[in-house]
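A quick write-up on the structure given underneath.
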2 protein chains.
Amino acid sequence: MNNIYKVCDIMNNNISKIIGEKISKLRKEKGISLSKLAELAKISKSTLSSIESGNANPTISTLWAIADALNVPFGELLPKEFNEVDESGITVKLIEQSEGKPKIEVYLMKLEPNSVREAKPHKKGVIEKVLVIKGKMVVGSKSSPKCLKVGEEIEFCGDVPHIYKALDEEVSAIVVLYYFPMEIVKIKSLF
Amino acid sequence: MNNIYKVCDIMNNNISKIIGEKISKLRKEKGISLSKLAELAKISKSTLSSIESGNANPTISTLWAIADALNVPFGELLPKEFNEVDESGITVKLIEQSEGKPKIEVYLMKLEPNSVREAKPHKKGVIEKVLVIKGKMVVGSKSSPKCLKVGEEIEFCGDVPHIYKALDEEVSAIVVLYYFPMEIVKIKSLF
DNA sequence: ATATATTGTTCATTATATAGAACAAAAATA
DNA sequence: TATTTTTGTTCTATATAATGAACAATATAT
C-alpha cells in the first residue's frame with residue numbers, strides 16, 4: 001500500500017461521499033425508495049445502497065443510469081468544481097479563461113447578503129472589471145470603492161487592495177480579470 | 001435531460017466514447033503525451049489508453065484524477081448539459097439568471113472560427129450586452145454590426161434581428177440580456 | 001550509425017465494482 | 001391480529017476496471 005493508493009482512496013472517499021449524499025437527497029425529493037430507483041436505473045439495490053452510503057467508487061455508466069432514472073442532468077450528481085471557492089458567504093466560480101493578449105479570466109461571484117471580501121492586490125497591470133447581475137454591492141479599490149446596482153459596472157486597477165461587499169440582499173456579479181499593464185479606473189452607469 | 005443523449009448519442013456511440021474523445025482532445029491541446037498524462041493523473045497508461053479509445057467504463061475516481069491532471073473542471077469531460085445549446089459551431093451556456101428589476105440572463109457563448117449565428121428579435125425592451133473574452137467577432141443589429149476584439153463590449157436593442165459572427169479564430173464572449181424597456185445602442189472600446 | 005528513451009497498444013493478472021441472494025425491520029395488506 | 005410486501009443493508013459470487021509488463025514503432029540522444 002503506497003502513497004498513490006492512499007491519496008486515491010482519500011480523494012475517492014470525498015467525491016463518493018458527496019455524490020452519494022446528492023443522489024440520496026434527490027431520490028428523497030422525488031419521493032421514491034432506494035429499491036424503486038435501483039429498479040428504474042436497472043442497477044442492483046446493493047450497488048445503489050453502497051453508492052448512497054458513500055462506500056463506493058461508481059463507474060460512469062452506473063452514475064449515468066442513476067441520473068437518467070432521477071431525470072436530472074448528470075452534473076447534478078457531482079460535487080462543486082475545484083474552481084469554485086467558498087469563503088465566508090462568497091462563492092467564486094471560474095467561467096472562462098483565455099491565454100490571449102491580454103490573458104483574461106472570467107468569474108461568477110455570488111455574495112450572500114452583507115458578506116464582505118477584502119482581496120489582496122494582484123500583480124501590477126491587472127485590470128479588473130465587475131458587472132453586477134443581481135442586487136447591490138460596494139466594490140473597487142479599498143480607498144475609494146463605489147456602490148453599484150444591477151446593470152452597472154466598474155473597472156479598476158487590481159494592483160491595490162480592493163473590496164467586495166454585498167448590501168442587504170444577495171448579489172451576483174461577473175468579474176473579469178485582464179492581465180496586462182494599464183492604469184484605468186472608471187465607473188460607468190448604464191441605466 | 002439525459003434522455004436526449006440516450007437517444008441521440010448513447011444508443012449509437014456511448015458516453016465512454018464521448019468522454020474518451022474529450023480527454024484525447026484536451027490532452028492534445030495541452031500538448032502532452034498519453035504516457036505523461038497517465039503519470040500526472042497517477043493512473044496506468046493502459047487505463048488511459050482504453051478510456052481515450054472509448055473501450056472503457058471508467059470509475060468516477062479515475063475520471064476525477066484525469067480532469068485534475070488536465071487541470072479542467074470535471075464537467076469538461078462530460079457530454080454537454082441540457083442548458084448548453086450547440087448549433088452550427090456555436091455553444092451557448094446559461095451562467096446565471098436573476099428575476100430582479102430588470103430580469104437578467106448571463107450566457108457564455110463560444111463560437112468556432114468563422115461560425116455565424118443570426119438571431120431573431122427578442123421581445124420589445126430587451127437590451128443585450130456582449131463582452132468579448134477571446135478572439136474577434138462581429139456582433140450587433142443585423143443592419144449595423146460592429147467588430148469587437150478582446151476586452152471590448154457592445155450594447156444594443158435585442159428587439160431587432162441581430163448577428164454573431166466569429167472571425168478566423170475561436171471566440172468566447174459573455175452575453176448579458178436585460179429584460180426591460182429601453183433604447184440604447186452604443187459601443188465602447190476599452191483598450 | 002548505434003544506443004537510449006518515449007510513444008501508444010495489447011495482454012495476463014490483480015483489484016474491485018456490480019449483481020444477486022439472504023436478512024431483519026418496517027409498512028402495507030388482509 | 002397474522003400475512004404479505006417493501007424497506008435498506010450485508011454478505012458471497014461474478015463481472016470487469018485498473019494495473020504492470022511486454023511489445024513494436026518513433027523519436028531523441030550519443
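Quick note on labels: first sequence line is chain A, next is B, and so on, each numbered from 1. Please read all numbers here as calculations on a predicted model, not as lab measurements.
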So if I take every side-chain heavy atom of S33(A) and compare against dG8(C), dT7(D), dA17(D), which nucleotide ends up nearest? dT7(D)
Considering just the side-chain nitrogens and oxygens of R27(A), establish if one lies under 4.0 Å of OP1 or OP2 belonging to dT7(D). no
Whether over 12 other heavy atoms sit under 6.0 Å from K103(B) NZ: yes
Judged by nearest nucleotide, the residue sitting upstream toward the 5' end of DNA chain C, L34(B) or I60(A), is L34(B)
Just how far, in rounded Å, is P of dA5(C) from CD of E39(B)? 15 Å
Rounded distance [0.5 Å steps], CZ in F156(A) versus CD1 in I127(A): 9.5 Å
Any carboxylate oxygen within less than 4.0 angstrom of a Lys/Arg side-chain nitrogen, looking at K22(B) and E76(B)? no
Of the listed dT9(C), dT9(D), dA18(D), the closest approach to the T59(B) side chain comes from dA18(D)
What is the distance from CD1 of I51(A) to P of dT16(C), rounded to the nearest Å? 16 Å
All salt bridge (charged side-chain N to carboxylate O under 4.0 Å, His left out) counterparts of K136(A), not counting sequence neighbours: none
Any donor-acceptor N/O pair, E52(B) side chain to S49(B) backbone, under 3.5 Å: no
First of L48(A) and K36(B) reached from the 5' end of DNA chain C, by closest nucleotide: K36(B)
Does the side chain of S49(A) get closer than 4.0 angstrom to OP1 or OP2 of dG8(D) through an N or O atom? no
Using a 4.0 Å heavy-atom cut-off, does I43(B) contact any base of the nucleic acid, only the sugar-phosphate backbone, or nothing at all? sugar-phosphate
What contact category does T62(A) fall into here, base, sugar-phosphate, or nothing, at under 4.0 angstrom with non-hydrogen atoms? sugar-phosphate
Report, one pair per line, the protein and nucleotides 24-29 of chain D atoms (nitrogen or oxygen only) whose separation is under 3.5 Å.
none

Could you walk me through whether K110(A) and E170(A) pass the salt bridge (Lys or Arg N to Asp or Glu O under 4.0 Å) test, one step at a time? CA-CA 8 Å; K110(A) 292 193 184 188; E170(A) 196 188 54; over 6 Å; no
Could you give the CD1-to-C1' distance, from I32(A) to dT7(D), as a whole number of Å? 14 Å
Heavy-atom donor-acceptor pair, S115(B) side chain to L111(B) backbone, under 3.5 Å: no
Could you run through nucleotides 20-25 of chain C and give me one letter per nucleotide, 5' to 3': B if any protein heavy atom sits under 4.0 Å from the base, S if only the sugar-phosphate is that close, - if neither? B-----
Grab the CG-P distance between N57(A) and dT16(C) for me, whole Å please. 10 Å
Have E128(B) and Y178(B) got a donor and an acceptor in their side chains that come within less than 3.5 Å? no
With distance as the sole criterion, is a donor-acceptor pair present between the side chains of N57(A) and S61(B) under 3.5 Å? yes
